[in-house]
Amino acid sequence: MSARVLNGNQIADAIKEELKQEIAALKSRGITPGLAAVLVGENPASQIYVRNKVRACELLGLYSERIELPTETSTEALLKLIGDLNAKDSIDGILVQLPLPSQIDAKRVLPAIDPKKDVDGLHPVNAGKLMSGRPGMVPCTPAGVIQILDRSQIPIRGARAVVVGRSDMVGKPMAMLLLHQNATVTICHSQTRDLVAVTREADILVAAMGKPALITKDFIKPGATVIDVGTSRLTRAEEVRAIFHDSSGPLERLQAKGFILIGDVQPEDVKEAAGAYTPVPGGVGPLTIAMLMSNTVHAARLRRG
Ligand code: GUN
């Protein structure tokens, strides 16, 4: 039997529909939530992400600023910009797109954002609040994964959840959110011994390590829910042939677009082995944007409402 597809676009649309009412209520009181999206450098994937985030603001009637800085921007210059955005009343949310160029010290930049405007939830204050179960800004992608599970009626309480990947932005907060919902949580990473044996225990498997198609059939317990957070770009035909069992369709798409998007989960295997799964694209990605909108509206309500 083929697995159930968890359609991220539909779930994200439902969340954005709900947000429209909250936005209308804020606007009736003269408050338009505002987001500043800061992009440093010319990473093509980051350019698309930031464009999509600003576009989502426009579609919902939020105020937005897209601020693009050159690759050689210094840490000091970025800190100055963040200080200005912190002080600006029309801006409720500040998002600094990652990764930053290597000369910029992200460990100084992210804590400079006012925690109340930290819609990415990456400030140590918000990370600490999440850890200790206090309300705060939660990173968008893991928050979106919880929305997918909840709105698809996939039970979390008591489930064995395995998160592969330990980043500050996805893996660690994902594990905390699942734990707060009473899953039994294991975090795996590049040094995990016998990864297959661990992931095969998972009722809910979240793949967030950024390794294209690493999770093949063997890694998946039959019937498990598989959430794929990875988005890598394949640009070479050999890579596509090495990953897909039937590469004819993907190779056509590669020819047409110059790249294909692939998650951390082998897309053909997951259909056979999983009970439910998020596709790439069209799974977790749309939720990241919907939750950014939600965090921005939430930040506006807390700060100005
Ligand atoms: N880079 C990839 N995903 C994200 C995200 O959700 N937020 C930020 N700031 N950078 C990213």
Side-chain angles (χ1 to χ4, degrees), residues 8 12 15 35-57 64-69 71 73 75 78-79 81-82 85-86 91-102 104-115 117-124 126-127 130 136-148 163 165-174 176-177 206-212 227-233 261-264 278 280-296 298-299:
I15 291 170
L35 175 73
V38 180
L39 174 63
V40 186
E42 294 180 357
N43 179 318
S46 291
Q47 285 172 329
I48 293 173
Y49 292 144
V50 168
R51 201 181 308 141
N52 289 343
K53 289 168 182 177
V54 169
R55 173 129 183 85
C57 286
S64 63
E65 291 183 18
R66 176 163 134 196
I67 300 158
E68 297 195 5
L69 300 173
T71 310
T73 298
T75 303
L78 188 51
L79 289 174
L81 170 68
I82 289 170
L85 294 170
N86 282 341
I91 293 298
D92 298 287
I94 301 169
L95 171 139
V96 178
Q97 187 67 27
L98 302 174
L100 288 165
S102 56
I104 294 181
D105 185 354
K107 287 259 187 274
R108 283 179 67 204
V109 168
L110 298 177
I113 297 171
D114 179 342
K117 297 190 176 189
D118 171 37
V119 283
D120 253 335
L122 296 174
H123 190 289
N126 284 317
L130 176 58
M137 291 287 169
V138 176
C140 303
T141 301
V145 171
I146 296 293
Q147 289 292 325
I148 293 176
V163 179
R166 55 176 157 181
S167 68
D168 291 341
M169 197 159 52
V170 182
K172 286 187 225 169
M174 184 78 256
M176 274 307 133
L177 290 172
V206 181
M209 63 287 180
K211 295 270 178 266
I227 304 289
D228 192 350
V229 181
T231 39
S232 303
R233 285 175 171 215
L261 280 185
I262 182 104
D264 289 348
T278 58
V280 174
V284 174
L287 268 298
T288 299
I289 293 188
M291 297 319 290
L292 176 66
M293 300 298 106
S294 173
N295 280 353
T296 303
H298 185 60

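Values below: every heavy atom of this structure, side chains too, minus hydrogens, waters and symmetry copies. Note that ligands are numbered from 1 as they come in the structure, with each ligand's atoms numbered from 1 the same way.
Checking side-chain atoms of Asn86 against main-chain N and O of Asp114 turns up a donor-acceptor pair under 3.5 Å. The main-chain N or O of Leu85 is found under 3.5 Å from a side-chain atom of Lys117 such that the two form a donor-acceptor pair.
Rounding to the nearest 0.5 Å gives a distance of 8.5 Å between CG of Asn43 and OH of Tyr49.
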Run the side-chain donor-acceptor check on residues 283-292: report pairs under 3.5 Å with partners two or more places apart or on a different chain.
unit_1 : atom_1 : unit_2 : atom_2 : d
Thr288 : OG1    : Thr141 : OG1    : 2.8

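Qualifying salt bridge (Lys or Arg N to Asp or Glu O under 4.0 Å) partners for Glu42, counting only residues two or more places apart in sequence or in other chains: none. With sequence neighbours excluded, no residue forms a side chain to side chain donor-acceptor pair (under 3.5 Å) with Arg51.
Within 4.0 Å of ligand 1, protein heavy atoms belong to Lys53, Val96, Gln97, Leu98, Asp120, Met169, Thr288, listed by chain and number.
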